[in-house]
Amino acid sequence: MGVSLRDLILDYRKAVPMESLGGVAAVDAHNALYQFLSIIRQPDGTPLMDRTGRITSHLSGILFRNVNFLEKGIRPVYVFDGKPPDLKKATIEQRRNVRAEADERWREALSRGDTEEAYKHARSSSRIDATVIATSKELLSLMGIPWIDAPSEGEAQASYMVQKGDAGYVVSQDYDALLFGAPTLVRNLTVSGKRKIRGRTITISPEKIQLVEVLRGLSISREELIDIGILVGTDFNRGIRGIGAKTGIRMVRAGEFDAVLREKDPDLDPGPIREFFQNPPVSDEYQLEWRSPDTAGIERMLCDDYDFSRERVRKALEGSAPKTGQRTLDTWF
DNA sequence: CATCACAA
DNA sequence: TTGTGATGG
């Protein structure tokens, strides 16, 4: 779920218009896919599926979101996770358990007709398996959108690409990219303008977070931000019970990091975690090339194979209303 | 999530 | 026009 630094970052999130986000976006693929799979569901939690029962929620998300990206001048590159570090083992195991539990509760809620409860648990049961990853890559390729396999964590690779200047910002809902040193992180880019929460419609706009502003504003270094992360918990260690972002920064500022760890989690060696955030495995072996979409191929995949409506897919690929002078997807390349 | 049809 | 609810696969 990423590091819980929300309370510290709150003041440094700047709402920005989509138009200011043109350029290359390094998208945390795992994060985006999880969002699609967890949210694109029917009210009882059933995901979109083709006639044979294969899940297609992620394909729907990828198609429509990327069409919108490209129309707004955003050129995405999807960064997939490679081999997870050993440090992540406990988190992976825990997530597996949470998913299994959610799956069970989903079934229970369904059987007693509690739709709302069913939807909630269905979301948490979302699993990104090899098929989801393979089909996502296949569709991205057909759309002419580059994707790369990170050597290790996708967020680390995406952050590195922004540091190098090959991308303008990382797209993720998680704050981990800041610990990995991403100069710029954009959240809510994968969320539409409006969203209903408990009956009320609120407007969600993309928010940009600049690492330098966070560090300057909080008067801390990136190393200290990482230490705060370790106290509140990351994918690589469970946090200290009772320590949130606010307490964490106070302790780090007071130089109490080592003492607190010694007392509350003596078995934890923070060294490898610090090292992983500061120098994660990354690769320069990638090339970013955006091609015009293979519309026939996309139709073949989505309509012939996964039962998407031909009309909807065609319309999406054409761009929306055929206004005069409006460029269609093809003319971006 | 994104789109669409239809209501207000 | 803008908002809401249903549907997509």
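Order of the sequence lines sets the chain letters (A, B, ...), proteins ahead of strands, with each chain counted from 1.
Closest to the side chain of Pro43(A), out of dT3(B), dT7(C), dG9(C), is dT7(C). Taking the side chain of Gln42(A) as heavy atoms from C-beta on, and the options dA2(B), dC1(B), dG9(C), the nearest nucleotide is dG9(C). Minimum atom distance to the side chain of Ile40(A) is reached by dG8(C), of the listed dA2(B), dG9(C), dG8(C). For Ser60(A), counting side-chain heavy atoms from C-beta on, the closest listed nucleotide (dT3(B), dG8(C), dG9(C)) is dG8(C). Ranking dG9(C), dC1(B), dT3(B) by closeness to the Phe64(A) side chain, first place goes to dT3(B).
In this structure, Leu317(A) atom CG and dT3(B) atom C1' are separated by 14 Å, rounded to whole Å. Look at CE on Met49(A): it is 16 Å from P on dT7(C), rounded to the nearest Å. dG9(C) atom P lies 14 Å from atom NE2 of His58(A), rounded to whole Å. Residue Tyr119(A) contributes atom OH, which lies 14 Å from atom C1' of dA6(C) at whole-angstrom precision. Going from atom CG of Asn68(A) over to atom C1' of dC1(B) covers 10 Å, rounded to whole Å. For Ile39(A) and dT7(C), the CD1 to C1' distance is 17 Å, given to the nearest whole Å. In this structure, CD1 of Ile55(A) is placed 18 Å from P of dC1(B), rounded to the nearest angstrom. Atom pair Phe36(A):CZ and dA2(B):C1' shows a separation of 10 Å (rounding to whole Å applied).
Between Asp267(A) and Arg262(A), none of the side-chain N atoms (NZ, or NE/NH1/NH2) sits under 4.0 Å from a carboxylate O, so this pair counts as no salt bridge.
Of the residues listed (Asn31(A), Val186(A), Leu189(A), Val27(A)), the one engaging Ser172(A) in a side-chain contact (heavy atoms from CB on, under 4.5 Å) is Asn31(A), and it is the only one. Checked against Glu213(A) for a salt bridge (Lys or Arg N to Asp or Glu O under 4.0 Å), the options Lys208(A), Lys14(A), Arg13(A) give a single hit: Lys14(A).
Within the 4.0 angstrom heavy-atom criterion, only backbone atoms of the sugar-phosphate kind lie near Arg65(A); the bases stay farther away. Using a 4.0 Å heavy-atom criterion, one finds that Ser57(A) contacts no nucleic acid atom at all.
Ring geometry, Phe180(A) versus Phe277(A): the interplanar angle falls from 30° to 60°, so the pair is classed tilted.
Note: Phe80(A) CZ to Lys137(A) NZ = 5.5 Å, rounded to the nearest 0.5 Å.
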